[in-house]
Structures are given as structure tokens and as C-alpha cells.
Amino acid sequence: MVHKTKGIVLRTVKYGETSVIVTIFTELFGLQSYLVNGIRSVSGKGSNKAGHFQPAAMLDLVIYHQESKNLQRLKEYNWSHLYQHIFSDVVTHTVVLFMIELLQKCLKQPEPNPELYYFMEDVLNGLDQAPSKAQANFPLFFAIHLAGFFGLRIDDNYSEKRKYLDLQEGYFTEEKPLHPHFLEDPLTGVSSHILKIRQPSELADLPLNKEKRRILMAAFEDFYSLHISGFTPLKTLPVLRTILEV
């Protein structure tokens with residue numbers, strides 16, 4: 001059947017001489033893979049079309065969808081939204097690649113998740129419009145809020161007494177955990193603050209230096225590795241640390 005849906009490109013790999021297989025997170029069907037023919041031409045005629053399939057690209061799609069198939073086909077594709085900075089600014093693009101990699105590691109099944117899709121639209125647009133001072137804190141914001149869409153929401157019960165964030169259990173506690181997977185003040189207070197943030201522009205006011213961001217990001221990666229089956233270290237994180245000095 002033919003359907004219209006929106007989608008966010010996650011990954012593109014070459015297939016044959018002129019085609020690609022594109023992994024797209026769609027509004028209607030969740031994670032899907034599509035064969036796109038004839039966009040890689042030796043003559044260069046396909047170059048404009050190939051630009052649609054960069055990671056994080058937002059597209060309007062007309063698709064042939066069959067539940068029994070793992071590889072679907074695209075009938076039509078057009079830009080749904082054109083970014084101002086994500087494809088042109090090195091720092092913004094690096095943050096986006098981190099976000100896309102983390103999302104891919106969490107998405108396991110091709111099932112619809114429209115709430116997650118709309119969240120991704122919002123955060124990508126938020127990053128594209130965010131002030132430069134917010135960019136260094138954006139990966140922390142994304143990592144801690146993305147978890148909730150996979151049943152891993154951290155319970156924001158932080159207080160002066162509950163000053164330890166137990167990453168294994170996903171909540172703040174008074175007792176220091178007996179395992180090594182935890183954070184303590186002042187970084188627990190920062191984590192609680194990030195959980196309360198809803199607008200990316202607020203990240204510009206978060207007083208963090210690169211050392212605190214590094215510790216927090218390592219802790220959040222540890223959190224995902226504890227709770228997402230088969231989670232492996234993020235390849236984009238070392239690049240992110242270099243670019244943002246985090």
C-alpha cells in the first residue's frame with residue numbers, strides 16, 4: 001500500500017553502483033529501511049537527490065509499505081524542513097551526529113512511536129535555533145530526556161537529602177549506592193535541573209565547565225549501557241568532546 005508520512009534520516013549506505021539503502025525513523029511506522037534507486041550517478045546527476053539523505057534530514061515521504069518486508073521502497077521524497085545551521089555549522093553538525101547515533105542505538109524494533117518522533121522533530125529544530133552558548137550542554141539535555149521514551153525516565157526526586165543519583169535504579173537516593181554507577185552533588189543537582197528544562201534555549205544559562213560536562217556525559221552513557229541491551233560505546237562521543245571540549 002502507498003502511504004504518506006514524515007521521516008528523519010538516520011543512516012545511508014551505498015547499494016550497488018547508483019543506489020542506497022536509507023534507514024529512516026518515520027512518523028507512521030517507526031524505524032524503517034528503504035531502497036532508493038538511481039541517486040548515485042557517475043555523471044553527477046544524482047548529487048542533488050543524494051543530499052536529501054544526510055543524517056537528521058527531515059523529509060516528506062510517499063512510500064510503498066508492506067509489513068512482511070524488511071526493506072521498503074520510496075515512491076517520492078521532498079524536504080519537510082530546511083535547517084539553518086545543522087548541515088553547515090561544524091559544531092551543530094557534530095552534536096546532531098551524536099544525537100542520531102544515540103537514537104539509533106536505542107531503537108530496536110520497527111514499531112510506531114509518534115511521541116518519540118515529535119520529540120526528535122522538536123529537539124532538532126531546537127538545536128538548529130539554539131544560541132551558541134547552549135550547544136555544549138545540548139547533548140546532556142538530549143541524553144537525559146531521550147531515555148524516557150524507552151521506559152528509562154529518571155525519577156526527579158532530588159533533594160538535599162537525596163543527593164546521590166543511582167544510575168542503576170534511575171532515581172535519587174539518600175544512601176550512597178554500593179555499586180560504582182552513581183553521581184553525587186553537585187552533579188546530581190545539575191542532573192535534576194536538566195530534567196526540569198523543557199526549552200533548549202534555557203541550556204545557555206546552565207553553569208557547567210568542560211570537566212563537569214565530561215563526567216555527566218560519561219555517566220549518562222553508562223546509564224544507557226546499563227539499561228539498553230547490546231549498547232556499545234558511542235563513536236561520536238570522542239569527536240564531540242574534541243569539538244565542544246566536553
Side-chain angles (χ1 to χ4, degrees), residues 5-11 22-33 55-59 61 65 80-81 83 86 92 95-130 134-135 137-158 165-172 181 183 188 190-203 206 216-237 240:
T5 185
K6 294 189 292 182
I8 298 170
V9 175
L10 302 184
R11 183 169 179 258
V22 187
T23 303
I24 302 178
F25 181 47
T26 68
E27 179 185 13
L28 288 184
F29 302 105
L31 186 66
Q32 298 290 326
S33 294
M58 292 188 189
L59 304 176
L61 307 169
H65 185 80
S80 171
H81 175 78
Y83 298 115
I86 280 178
T92 312
V95 175
V96 159
L97 293 179
F98 162 81
M99 293 164 60
I100 294 297
E101 184 187 10
L102 181 57
L103 175 65
Q104 286 188 91
K105 287 181 178 293
C106 295
L107 286 171
K108 300 294 185 182
Q109 300 297 329
E111 56 189 25
N113 192 335
E115 291 80 11
L116 175 57
Y117 180 84
Y118 301 138
F119 168 75
M120 288 302 303
E121 276 194 337
D122 286 345
V123 294
L124 288 170
N125 284 325
L127 174 63
D128 194 43
Q129 299 166 17
Q135 290 181 331
N137 295 324
F138 210 98
L140 300 172
F141 168 81
F142 179 73
I144 205 168
H145 285 282
L146 177 69
F149 292 93
F150 298 95
L152 303 174
R153 189 178 303 278
I154 294 175
D155 185 10
D156 186 16
N157 62 333
Y158 171 78
L165 174 53
D166 188 326
L167 298 168
Q168 196 164 279
E169 299 299 329
Y171 55 69
F172 297 91
H181 309 289
L183 286 170
T188 43
V190 174
S191 300
S192 176
H193 183 69
I194 297 173
L195 282 167
K196 293 179 175 67
I197 290 176
R198 290 295 177 266
Q199 298 300 324
S201 59
E202 299 174 44
L203 293 166
L206 201 59
L216 282 168
M217 198 69 254
F220 293 164
E221 184 182 33
D222 185 33
F223 176 72
Y224 278 94
S225 69
L226 289 168
H227 297 284
I228 298 292
S229 177
F231 191 91
T232 54
L234 291 156
K235 295 180 180 179
T236 53
L237 194 51
L240 191 70

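- The two residues P233 and E101 have their closest heavy-atom pair at O-OE2, 4.2 Å.
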Side chain to side chain contact (heavy atoms under 4.5 Å, CB included) for L146 and M99? Distances and angles first, verdict last. CA-CA 9 Å; L146 177 69; M99 293 164 60; over 6 Å; no

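- Minimum heavy-atom separation, S191 to I144: O-CD1, 3.7 Å.
- Between F142 and F119, some side-chain heavy-atom pair lies under the 4.5 Å cut-off.
- The shortest non-hydrogen separation linking D156 to S192 is OD1-OG, 2.7 Å.
- For F220, the ring pair (Phe, Tyr, Trp, His ring centres under 6.0 Å) test picks out no residue, with sequence neighbours left out.
- Listed for the H145 side chain is no donor-acceptor partner under 3.5 Å among the backbone atoms of R198.
- Residues P200 and F141 come closest through the heavy atom pair CG-CE2, 4.3 Å.
- The two atoms that bring F172 and D155 nearest to each other are CD1-O, 3.4 Å, heavy atoms only.
- Residues H181 and F223 fail the side-chain proximity criterion, which asks for heavy atoms closer than 4.5 Å.
- Among I100, V95, V96, L97, the single residue meeting the side chain to side chain contact (heavy atoms under 4.5 Å, CB included) criterion with T236 is L97.
- No side-chain heavy atom of L226 sits less than 4.5 Å from a side-chain heavy atom of F231.
- Here L31 contributes atom CG and R11 contributes atom CZ; the two are 11.0 Å apart, rounded to the nearest 0.5 Å.
- E121 CD to K6 NZ: the interatomic distance, rounded to the nearest 0.5 Å, is 3.5 Å.
- Atom CD1 of I8 sits about 13.5 Å away from atom OG1 of T23, to the nearest 0.5 Å.
- Contact annotation: the side chain of N137 never approaches that of I197 to less than 4.5 Å [non-hydrogen atoms, C-beta and beyond].
- Of all non-hydrogen atoms in Y83 and L124, the two that sit nearest each other are OH-CD1, 3.5 Å.
- Of the possible donor and acceptor atoms, one in the side chain of T5 sits under 3.5 Å from a partner among the backbone N and O of L28.
- Annotation: side chain of F150 is in contact with side chain of L116 (closest heavy-atom distance under 4.5 Å).
- Not one N or O on the side chain of Y224 forms a donor-acceptor pair closer than 3.5 Å with the backbone of L102.
- Looking at heavy atoms from C-beta onward, L234 lies out of side-chain contact with L240 at the 4.5 angstrom threshold.
- With values rounded to the nearest 0.5 angstrom, L10 atom CG is found 8.0 Å from F25 atom CZ.
- At least one side-chain heavy atom of L237 sits under 4.5 Å from a side-chain heavy atom of M217.
- Atom-to-atom distance recorded for Q199:CD and Q129:CD is 10.5 Å, nearest 0.5 angstrom.
- A 4.5 Å side-chain heavy-atom check between L183 and V190 finds every atom pair outside the cut-off.
- N113 places no side-chain N or O within 3.5 Å of a backbone atom of G30 that could act as its donor or acceptor partner.
- If you take CE on M58 and CD1 on I86, they are separated by 6.5 Å, rounding to the nearest 0.5 Å.
- Side chains of Q32 and T26: a donor-acceptor N/O pair is absent below 3.5 angstrom, by distance only.
- For K235, the NZ atom sits in a loose shell: 12 or fewer heavy atoms of surrounding residues, nucleotides or ligands are nearer than 6.0 Å.
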